Amino acid sequence: MPELPEVETVCRGLADALIGDRFTRVTLRRANLRFPFSDGFIETLTGRRVETIHRRAKYILMQMEGEAALIGHLGMSGSFRIEKSPIPEHPLDRHDHVVFETERGLRIRYHDPRRFGFMLLTERALLETHPQLINIGPEPLGNEFNGPALAERLAGRKTPIKTALLDQRVVAGVGNIYACEALHRSGISPKRLAANVTGARADRLAAAIRQVLEEAIASGGSTLRNYSHTSGELGYFQHRFEVYDREGAACTTPDCNGVIGRIPQAGRSTFFCPKCQR
DNA sequence: CTTACGGCCTGTACGC
DNA sequence: TGCGTACAGGCCGTAA
């Protein structure tokens with residue numbers, strides 16, 4: 001489920017709640033998610049204070065007091081819930097795989113039915129060069145991300161632009177929804193050869209990627225208020241999509257009158273307007 | 001190096 | 001009601 005905006009919202013919510021707090025108990029309710037939990041996972045985190053929480057692409061990076069750091073990923077179905085005290089209506093269920101309890105009395109649970117998410121321990125000095133992160137492309141909300149930077153990453157790529165946008169080496173954090181949305185907003189066909197997105201088109205696409213992500217983050221933050229529902233669940237919020245999951249509906253582009261279509265690309269659904277996306 | 005594809009999991013929506 | 005199929009916001013390992 002989560003793409004960059006949702007992960008950003010989760011990070012802010014976790015940061016608001018956890019920075020400066022200390023884990024008093026860490027419980028693993030199974031031995032693995034996508035990957036086995038690192039050796040010493042519980043021992044390394046228990047008793048440690050949380051110093052920083054950041055996002056890189058769709059990864060959650062948590063630096064702990066001392067030399068340890070935690071790399072987390074929500075996969076397709078991961079979420080966190082923060083509870084200030086146990087809520088009777090929300091007992092742990094079979095998909096609550098990790099539970100953190102803190103000195104300030106919080107209980108944070110990680111819930112992930114499909115278990116495509118993961119949590120890995122590393123050393124903070126190795127965060128930048130961790131195999132999971134080393135090949136990730138530029139952050140789309142960063143100062144250095146623009147049309148020329150995007151075009152450079154797309155050069156020589158013989159896949160459709162939609163498929164290329166999902167490659168995290170091209171640009172960090174874009175997933176299926178926002179790839180579709182950004183292409184629609186910039187009027188570019190998802191089928192266009194990636195290497196042919198250059199010049200003004202690349203400028204428009206880079207700007208559109210930045211815009212849709214920023215709007216989604218703003219929407220998430222305001223919807224959740226302090227980045228969490230009253231239930232304490234982080235990261236799930238509804239943003240208005242122009243094309244995603246709108247097959248058969250009218251295109252929202254002014255004076256277009258097209259109908260949103262859906263095609264498979266690289267095993268994923270692409271939603272687009274065949275009329276105004278070229 | 002890039003690209004294509006199967007696989008990992010569970011849950012849900014839908015057609016019969 | 002049940003059963004089968006398709007699909008779901010991600011990414012990894014392997015093969016070509």
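Each chain gets a letter, A, B and so on, in the order its sequence line appears, and its residues count up from 1. The structure displayed is predicted, hence computed values, not measured ones.
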Do NZ/NE/NH1/NH2 and the carboxylate oxygens of A:Arg107 and A:Glu101 come within less than 4.0 Å? no

So, A:Arg157 and A:Asp167, do they make that salt bridge, N to O below 4.0 Å?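 Result for this pair is yes, salt bridge flagged.
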
Base-pairing assignment for C:dA15 (Watson-Crick or G-U wobble, both under 3.5 Å):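 With both distances under 3.5 Å, C:dA15 matches B:dT3.
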
Determine which nucleotide pairs with C:dG2, using a 3.5 Å limit on both distances of a Watson-Crick or G-U wobble pair. B:dC16

At under 4.0 Å, does any side-chain N or O of [X] touch on OP1 or OP2 of [N]?
X	N	value
A:Arg169	B:dT2	yes
A:His73	C:dC12	no
A:Lys58	C:dC11	yes
A:Gln168	C:dG10	no

Side chain of [X]: nearest nucleotide among [options]?
X	options	value
A:Arg262	C:dA8, C:dC12, C:dG10	C:dA8
A:Thr159	B:dT3, C:dC11, B:dG11	B:dT3
A:Tyr244	B:dT2, B:dA4, C:dA8	C:dA8

Apply the side chain to side chain contact (heavy atoms under 4.5 Å, CB included) test between A:Met64 and each candidate in A:Arg124, A:Glu51, A:Arg49, A:Arg48; give the one that qualifies.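 One option only clears the test, and that one is A:Arg48.
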
Please state whether the base of B:dC9 and the side chain of A:Arg114 form at least one donor-acceptor pair under 3.5 Å? yes

Decide yes or no, distance alone: a donor-acceptor N/O pair under 3.5 angstrom between the base of C:dG9 and the side-chain of A:Glu6.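 It does, because a donor-acceptor pair links the side chain of A:Glu6 to the base of C:dG9 below 3.5 Å.
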
Hey, does [X] reach any base, or is it just sugar-phosphate, or nothing, if we go heavy atoms under 4.0 Å?
X	result
A:Phe118	nothing
A:Ser269	sugar-phosphate
A:Gln132	sugar-phosphate

One pair to check against side chain to side chain donor-acceptor pair (under 3.5 Å): A:Gln265 and A:Thr163. What are the steps and the verdict? CA-CA 7 Å; A:Gln265 289 186 295; A:Thr163 306; 4.8 Å; no

Spacing between A:Ile161 atom CD1 and B:dT3 atom P, to the nearest angstrom: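 Answer to the nearest Å: 11 Å.
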
Expressed as a whole number of Å, how far does the C1' atom of B:dG11 sit from that of C:dC12?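 Comparing C1' positions in B:dG11 and C:dC12 gives a spacing of 22 Å.
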
Work out how far the C1' atom of C:dC11 is from that of B:dT12, and round it to whole angstrom.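 After rounding to an integer number of Å, I get 22 Å for this pair.
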
Aromatic ring of A:Phe116 stacked on base six-ring of C:dC11, 5.5 Å, 30°: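 Check failed, A:Phe116 does not stack on base of C:dC11.
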
Whichever of A:Arg34 and A:Arg94 has the more 5' nearest nucleotide on DNA chain B, that residue is A:Arg34

Once you measure the plane-to-plane angle for A:Phe80 and A:Tyr110, does it fall in the parallel (<30°), tilted (30-60°) or perpendicular (>60°) bin? tilted

